[in-house]
Undergrad: 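One structure, pasted below without further comment.
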Amino acid sequence: MNALKQAVRTYARCHANRDGLAVTTVPGLRTMCVEDPAGDLHSVYRPLVCFVLQGAKRMIVGSEERVFYGGQSVIVAADMPVVGRIVEASSGAPYLAIAVELEMALLREVAAQIGDTCSLRSSGMQTLFAEDTEGAMLDCASRLMHLLDRPDAVPILRPGIMRELHYWLLSGPHGPALRTLADPDSYAGRLAAAIAILRTEYRSRVPVERLAAAAAMSLTAFHKHFKMMTSLTPGQYQKRLRLIEARRLMLDQGISASNAAFEVGYESVSQFTREYGRLFNMPPKQDALRARAISSIFKHSQADALGAELH
């Protein structure tokens with residue numbers, strides 16, 4: 001475990017963004033290292049498993065809110081808007097985590113091989129789970145991290161590691177719920193088709209009738225099950241996607257607030273500013289300036305840490 005923690009910290013020094021998140025060169029693998037928590041982080045997760053190695057993080061997913069601690073694994077079992085806040089971290093003991101995106105095709109394939117067709121056909125299925133991390137799953141995460149030093153091995157070794165990880169997840173206590181997620185005929189599986197449209201076409205007006213048809217549901221049933229799973233209406237979900245992407249464009253690419261608004265599909269800058277403020281608790285221009293200041297401090301601290309390490 002200590003070697004894995006050090007690997008995450010070392011990678012973060014060179015690759016993490018202002019929020020401590022580092023997207024790696026191994027597909028679907030990312031790490032997080034946070035020493036100084038900076039408030040709520042808004043994002044839209046794809047289905048994933050997150051291994052919390054150290055510290056603690058509070059997550060709000062749909063209508064569920066929980067705090068996860070070092071030694072626990074967190075499973076987000078659907079494409080969900082997430083509000084996260086690091087609640088336990090310091091320079092001496094930063095929050096450390098590894099996240100691996102789940103692959104639906106692989107989940108279905110491994111579930112079929114296991115042969116247990118038991119499924120939770122419930123519209124009220126959970127989308128957030130936690131369990132103590134098993135050694136076998138942590139070993140998979142460690143081997144994925146090792147691939148960062150051997151990019152030539154990624155296409156050869158990663159598929160086998162991912163298959164093993166999905167097996168351990170399906171064999172665990174939340175296996176039945178994951179089977180439901182993988183089942184294309186379940187409520188979650190059918191809603192996934194509609195969510196895929198929203199994620200791809202979030203800039204455009206998407207008729208709710210088209211979304212309901214993609215989920216093979218009536219309009220009434222679609223609205224009911226969509227909100228039950230995500231805690232949002234389809235329109236609110238699309239708005240959340242737009243605002244999070246607009247913030248990324250401003251903070252990561254330096255795009256102005258007005259250009260970011262039009263880029264993600266808004267027709268009115270004033271409407272964008274109002275809705276942005278409601279979600280992020282400050283106007284977009286002010287938020288961008290604050291985030292850039294934090295990013296500058298973070299980069300200086302990274303450079304200082306790396307310099308101290310070299311000396």
Side-chain angles (χ1 to χ4, degrees), residues 15-23 27-28 30 32 38-48 59-62 76 78-85 99 101 191-215 219 222-223 226-227 229-299:
H15 303 284
N17 65 11
R18 66 193 169 276
D19 295 324
L21 178 67
V23 178
R30 56 184 185 265
M32 178 164 271
D40 289 343
L41 301 173
H42 292 263
S43 54
V44 180
Y45 281 18
R46 296 191 182 277
L48 58 76
M59 294 176 64
I60 302 174
V61 180
V76 179
D79 288 64
M80 297 290 290
V82 176
V83 181
R85 177 187 284 265
E101 289 188 6
L191 286 170
I195 288 174
I197 294 173
L198 283 173
R199 293 198 71 139
T200 302
E201 304 179 29
Y202 67 88
R203 295 178 178 86
S204 308
R205 295 179 183 273
V206 181
V208 69
E209 291 83 2
R210 181 184 169 200
L211 298 174
L219 278 175
F222 175 72
H223 278 290
F226 191 98
K227 188 160 189 178
M229 187 172 82
T230 67
S231 81
L232 301 171
T233 66
Q236 290 169 336
Y237 188 99
Q238 184 180 38
K239 184 190 300 182
R240 188 73 58 88
L241 291 173
R242 287 179 171 182
L243 292 171
I244 289 172
E245 174 61 9
R247 189 171 193 264
R248 187 193 70 79
L249 290 172
M250 289 190 301
L251 272 51
D252 293 352
Q253 298 184 21
I255 294 178
S256 69
S258 57
N259 285 339
F262 294 130
E263 179 66 26
V264 300
Y266 276 89
E267 298 176 356
S268 165
V269 174
S270 60
Q271 180 186 359
F272 166 72
T273 301
R274 286 194 303 273
E275 293 179 351
Y276 189 102
R278 281 197 289 267
L279 181 61
F280 298 114
N281 298 314
M282 64 177 65
K285 291 180 181 179
Q286 182 181 339
D287 187 30
L289 289 172
R290 181 191 64 86
R292 286 170 192 153
I294 292 173
S295 181
S296 178
I297 294 171
F298 177 72
K299 287 177 181 177

Undergrad: Roughly how far, to the nearest 0.5 Å, is the CG atom of D40 from the CG atom of N281?
TA: 7.5 Å
Undergrad: Are P234 and H223 packed together at the side-chain level, in the sense that at least one heavy-atom pair is separated by less than 4.5 angstrom?
TA: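 Touching, per the 4.5 Å side-chain cut-off.
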Undergrad: Under the side chain to side chain contact (heavy atoms under 4.5 Å, CB included) criterion, do Q238 and R242 qualify, and how do the steps go?
TA: CA-CA 6 Å; Q238 184 180 38; R242 287 179 171 182; 4.1 Å; yes
Undergrad: Say you draw a straight line from CD1 of I244 to CG of L249; how long is it, rounded to the nearest 0.5 Å?
TA: 12.0 Å
Undergrad: Do F226 and L198 touch side chain to side chain, with heavy atoms closer than 4.5 Å?
TA: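 With C-beta onward as the side chain, the pair touches.
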Undergrad: For the backbone of L21 and the side chain of D19, can you confirm whether one donor and one acceptor N or O come within less than 3.5 Å of each other?
TA: no
Undergrad: Donor-acceptor check, side chain of E101 to backbone of L48, threshold 3.5 angstrom: yes or no?
TA: no
Undergrad: What heavy-atom pair brings A215 and A194 nearest, and what distance separates the two atoms?
TA: CB-CB, 4.5 Å
Undergrad: Please walk me through it: do E267 and R205 pass salt bridge (Lys or Arg N to Asp or Glu O under 4.0 Å)?
TA: CA-CA 11 Å; E267 298 176 356; R205 295 179 183 273; 3.7 Å; yes
Undergrad: What heavy-atom pair brings V76 and Y45 nearest, and what distance separates the two atoms?
TA: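 Between these two residues, the closest heavy atoms are CG2-CD2, 3.8 Å.
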Undergrad: Contact between V44 and R199 at the side-chain level, heavy atoms closer than 4.5 Å - yes or no?
TA: yes
Undergrad: Which value, rounded to the nearest 0.5 Å, describes the distance between R247 atom CZ and S43 atom OG?
TA: 10.5 Å
Undergrad: How far does CG of N259 sit from CD of Q253, to the nearest 0.5 angstrom?
TA: 11.5 Å
Undergrad: Can you tell which of Q236, M80, R240 makes a side chain to side chain contact (heavy atoms under 4.5 Å, CB included) with T230?
TA: M80
Undergrad: Taking all heavy atoms of Y266 and all of L243, pick out the closest pair and write down the distance.
TA: OH-CD2, 3.5 Å
Undergrad: Please report the shortest heavy-atom distance between E263 and R203, naming the atom on each side.
TA: O-NE, 3.0 Å
Undergrad: So which heavy atom on M250 is nearest to which on S256, and how close?
TA: CG-O, 4.1 Å
Undergrad: In sequence, state the C-alpha distance, the side-chain angles, and the governing distance for D79 and M229, and then conclude on side chain to side chain contact (heavy atoms under 4.5 Å, CB included).
TA: CA-CA 10 Å; D79 288 64; M229 187 172 82; over 6 Å; no
Undergrad: Return the minimal non-hydrogen interatomic distance between A246 and F272, and the atom names on each side.
TA: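 The pair with the smallest heavy-atom distance is CB-CE1, 3.6 Å.
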Undergrad: Within this structure, what is the OG-CD distance for the pair S268 and E275, rounded to the nearest 0.5 Å?
TA: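 One finds 9.0 Å between OG of S268 and CD of E275.
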Undergrad: Give a yes or no answer on whether the side chain of Q286 reaches the backbone of P283 with a donor-acceptor pair at less than 3.5 Å.
TA: no
